[in-house]
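Just so you know, these numbers use all the heavy atoms, side chains as well, and skip hydrogens, waters and symmetry mates. In this chain, numbering begins with 1 at the start of the sequence shown.
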Amino acid sequence: SKSWPRELSYFGWGRGQDLEQDGAGEWWIATGHGLCRFARADSAAALAGVAPKAIYTRRDGLAGDEIFSVFADSHDRIWIGTIGLEKQDGMAMFDRGTGIVRAFSESDGLPAKPVPTVFAEDRGGNIWAALYHGGLARYRQGRFAIFTEKDGLAGFIQALFIDSAGRLWIGTSSRGLVRAEDPTADRPSFAVYGLAQGLSSSSIGALTEDRWGRIYAATGRGIDRFKPEPGG
């Protein structure tokens, strides 16, 4: 009978995006010994007792075997963040169409040691990645652009969310909430919201939206709910 491989003794220590289902229904799980790919299943519970169909590690082109984050985009690509000692920090993308892992580096516009902690995809198909060592990266037309404190971003980014209006919301650990009204713009502008604007806390751990377009922010002092206004 099939079973979970013995060498996969623990999951990765990333938070949030460590379990992902792609558009084909396959599942991807971050572990401390590589990225596990499972066949199509209706739910994660159905994976119990099932062996992965593939495990991707440094042998396949990843920077390391300690998987920190995983994200499936709308273009049949899997985005992977790794972290670890001995230069194992990195970002890569697996193209399901070609079966090839592409590792990104400074030549692609990234800083050194580009560990993505959380991903999001905007309406233009651009991929956004919060970086562990600071900053926010956007992958557009085959290259990354980096947004930092000089663009209005500050603090460790804990959450990214694209709402139904196409806006990008950014939750930070200590500097509140940041919004990009149009993340597809050549040079997006970022507005910062903190205690002065009514937030209960400057620490935002998660973001989501309900069917009426109201945004929910999980803060260090409870959950804030608000209705954003265009341009406001």
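- Side-chain contact between I78 and V70: present, with at least one pair of heavy atoms (C-beta onward) separated by less than 4.5 Å.
- Residues S105 and S107 have side chains that bring a donor and an acceptor to within less than 3.5 angstrom of each other.
- Between R140 and D186 there is a salt bridge, since a side-chain N of the basic residue sits under 4.0 Å from a carboxylate O of the acidic one.
- A ring-ring contact (aromatic ring centres under 6.0 Å, His included) with W169 holds for exactly one of F190, F226, F161; it is F226.
- Looking only at side-chain heavy atoms (C-beta outward), W79 and Q17 stay at 4.5 Å or farther from each other.
- At least one side-chain heavy atom of L199 sits under 4.5 Å from a side-chain heavy atom of I204.
- Within the 4.5 Å cutoff, the side chain of R77 has heavy atoms near those of the I127 side chain.
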request  = For side chain to side chain contact (heavy atoms under 4.5 Å, CB included), just list the numbers for L136 and D151, CA-CA rounded to whole Å, side-chain angles, deciding distance to a tenth of an Å, and then say yes or no.
outcome  = CA-CA 10 Å; L136 183 63; D151 300 292; over 6 Å; no

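- Side-chain contact between L153 and T148 is absent, with no heavy-atom pair separated by less than 4.5 Å.
- Between the side chains of D122 and T184, no donor-acceptor pair of N or O atoms lies under 3.5 Å.
- A distance of 12.0 Å separates CD of Q141 from CZ of R143, quoted to the nearest 0.5 Å.
- Side-chain contact between S164 and E209 is present, with heavy atoms from C-beta onward closer than 4.5 Å.
- If you take CZ on F68 and CD on Q88, they are separated by 14.0 Å, rounding to the nearest 0.5 Å.
- Looking at heavy atoms from C-beta onward, L47 lies in side-chain contact with I29 at the 4.5 angstrom threshold.
- Within a 6.0 Å radius of CZ in R40, no more than 12 heavy atoms belonging to other residues, nucleotides or ligands are found.
- With contacts defined as side-chain heavy-atom distances shorter than 4.5 Å, the pair P188/W128 qualifies.
- One finds the CG atom of D89 at 11.0 Å from the CG atom of L131 (value rounded to the nearest 0.5 Å).
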